[in-house]
Amino acid sequence: MIEQRVNVTSTTPEVIAELKRRSTFVMVSHVRPDGDTLGAGLALGIALSRFGKRVHYFQQDAVPRNLRFLPGAEAVSREIPDDLPSDALWCFFDMSDTARAGEFLPPIARENTLNVDHHLGNSRFGKLNYVIETECSTGTCVMRLLRAMNVPIDRDLATCVLTTIMTDTGGFIHSNTTPEVLVLSSELMMAGADKEEITEEIFGNKRYAAVKLLGRALSESQLIRDGRYCWSFVDDAMLRECNADEEDTEEIIGHLRTIDGVEAAALFKVFDGEIRVSLRSNGRVNVQAAAARLGGGGHFRAAGLTYVGSLDDARDAVERALAAEGL
Ligand code: 5GP
Ligand code: MN
């Protein structure tokens with residue numbers, strides 16, 4: 001009989017028993033890392049090293065400029081030590097499937113994997129799957145583990161976890177900002193997390209190139225379907241024109257979503273023959289389900305996918321997927 005693992009979530013004691021049993025860990029963040037995947041991995045990694053465990057950090061892409069302030073970020077790389085014990089536990093943060101870790105991830109036996117996440121539609125790829133869809137960030141899933149292990153929350157841990165919250169709530173704006181999230185954030189500030197610094201790093205400090213690129217993308221945007229759908233694109237030529245790079249595209253999609261009357265927004269990033277699509281919803285259309293129709297995933301209100309083909313084809317496919325989800 002095929003083992004049914006769908007939607008099985010490991011309990012907190014099961015995960016903690018596994019963490020105690022292992023001596024060595026590799027914390028894995030997803031490609032194009034954000035403050036949640038990285039902050040969550042660093043938080044658990046810092047806590048485990050305090051228990052005398054050996055901890056490494058694997059992330060295929062370089063740490064983005066605005067996340068280098070995170071405690072421990074300098075230890076993150078795509079190098080994998082060649083003396084890892086065979087039972088090292090690979091801990092994946094903030095990803096629905098291991099493909100999100102990128103093609104440099106070596107093959108890893110399921111037996112040696114822990115999956116910590118809060119996405120809808122997580123494939124439960126781990127031996128243990130600590131997937132809590134009601135949590136606002138993967139970092140707050142980690143916070144549950146830290147609490148259960150009685151880890152004292154110092155400034156470094158508080159900074160990592162508050163960064164995950166501020167990243168995934170858009171600075172306490174999105175609908176996942178529950179009263180519990182605000183209470184926890186307050187506790188993290190009292191433990192030493194500097195909200196001003198995190199705000200400045202994540203939402204301020206804009207490069208001029210990013211602001212120019214935003215202007216270009218906004219001027220290319222199209223508002224269609226009676227104003228319910230707004231889409232735009234950025235491509236290599238626009239990056240060159242603005243002296244910008246891919247990191248400078250992060251903010252654009254948020255602006256498309258805030259337009260009055262818009263129910264769904266899409267940004268097509270056409271780089272190197274591949275199209276990365278970011279989708280956002282204002283709460284009626286499930287963009288995770290729309291992205292999943294095209295091989296992507298995410299959350300109800302924020303999702304993404306990669307499309308191989310022309311921009312016109314990508315636009316048609318995404319509009320059809322959104323329409324199928326009620327746009
Ligand atoms: P973003 O638009 O910021 O890149 O991604 C929005 C959300 O969708 C994030 O939660 C991210 O993890 C998820 N996401 C983005 N791209 C993909 C993808 O290709 N596959 C899956 N499964 N999730 C994605
Ligand atoms: Mn997240």
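Both counts, for ligands and for their atoms, begin at 1 and track the order of listing.
Per-residue contacts place Gly296 under 4.0 angstrom from the following atoms of ligand 1 (heavy atoms of the residue considered): 20 (N), 21 (C), 22 (N). Atoms of ligand 1 found under 4.0 Å from any heavy atom of Gly298 (numbered from 1 in listed order, with element): 8 (O), 13 (C), 23 (N). Within ligand 1, counting atoms from 1 as listed, the ones closer than 4.0 Å to a heavy atom of His299 are 10 (O). Counting the atoms of ligand 1 from 1 in the order shown, those under 4.0 Å from a heavy atom of Ser278 are 1 (P), 2 (O), 4 (O).
If you look at His119 next to ligand 1, the close heavy atoms, those under 4.0 Å, all belong to the side chain.
Counting just the N/O/S atoms of Asp94, the one with the shortest distance to the Mn ion (ligand 2) is named OD1. Within His118, the N, O or S atom lying nearest to the Mn ion (ligand 2) carries the name NE2. Sorting the N, O or S atoms of Asp168 by how far they are from the Mn ion (ligand 2) puts OD2 first.
Residue contact check for ligand 1: Arg276 places a non-hydrogen atom closer than 4.0 Å to it.
Among Arg100, His30, Arg280, the residue whose heavy atom lies closest to atom 6 (C) of ligand 1 is Arg280. Nearest-residue assignment for atom 22 (N) of ligand 1 (options Ala291, Gly295, Gly297, Ala99; heavy-atom criterion): Gly297.
Because the distance cut-off is set at 2.8 Å, Asp36 qualifies as a neighbour of the Mn ion (ligand 2) through one of its N, O or S atoms.
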Criterion side chain to side chain contact (heavy atoms under 4.5 Å, CB included) on Asp248 and Arg207, from CA distance to verdict: CA-CA 8 Å; Asp248 297 316; Arg207 302 207 307 168; 2.7 Å; yes
Residue pair Arg301, Ser281: steps toward the side chain to side chain donor-acceptor pair (under 3.5 Å) verdict: CA-CA 5 Å; Arg301 289 171 180 246; Ser281 159; 5.9 Å; no
Audit row: Arg65, Asn205, side chain to side chain donor-acceptor pair (under 3.5 Å) steps and yes/no: CA-CA 10 Å; Arg65 288 180 287 275; Asn205 269 340; over 6 Å; no
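With Asn129 as reference, Asn115 is the one residue of Thr9, Thr113, Asp117, Asn115 to meet the side chain to side chain donor-acceptor pair (under 3.5 Å) rule.
In this structure, Tyr307 has its ring center at least 6.0 angstrom away from the ring center of Phe268.
Ile165 contributes atom CD1, which lies 9.0 Å from atom OG1 of Thr163 (distance to the nearest 0.5 angstrom).
Among protein heavy atoms, the minimum distance from atom 8 (O) of ligand 1 is reached at Ala303 CA, 3.2 Å. Protein heavy atom nearest atom 7 (C) of ligand 1, with residue, atom name and distance: Ala302 O, 3.5 Å. Taking atom 18 (C) of ligand 1 as the reference point, the nearest protein heavy-atom neighbour is Gly304 O, 3.4 Å.
Between the side chains of Asp168 and His118, at least one donor-acceptor pair of N or O atoms lies under 3.5 Å.
Below 30°, between 30° and 60°, or above 60°: for His119 and His299 the angle between ring planes is below 30°, a parallel geometry.
Closest of all the heavy-atom pairs between Phe58 and Ala101 is CE2-O, 4.0 Å.
Side-chain contact between Leu44 and Leu146: present, with at least one pair of heavy atoms (C-beta onward) separated by less than 4.5 Å.
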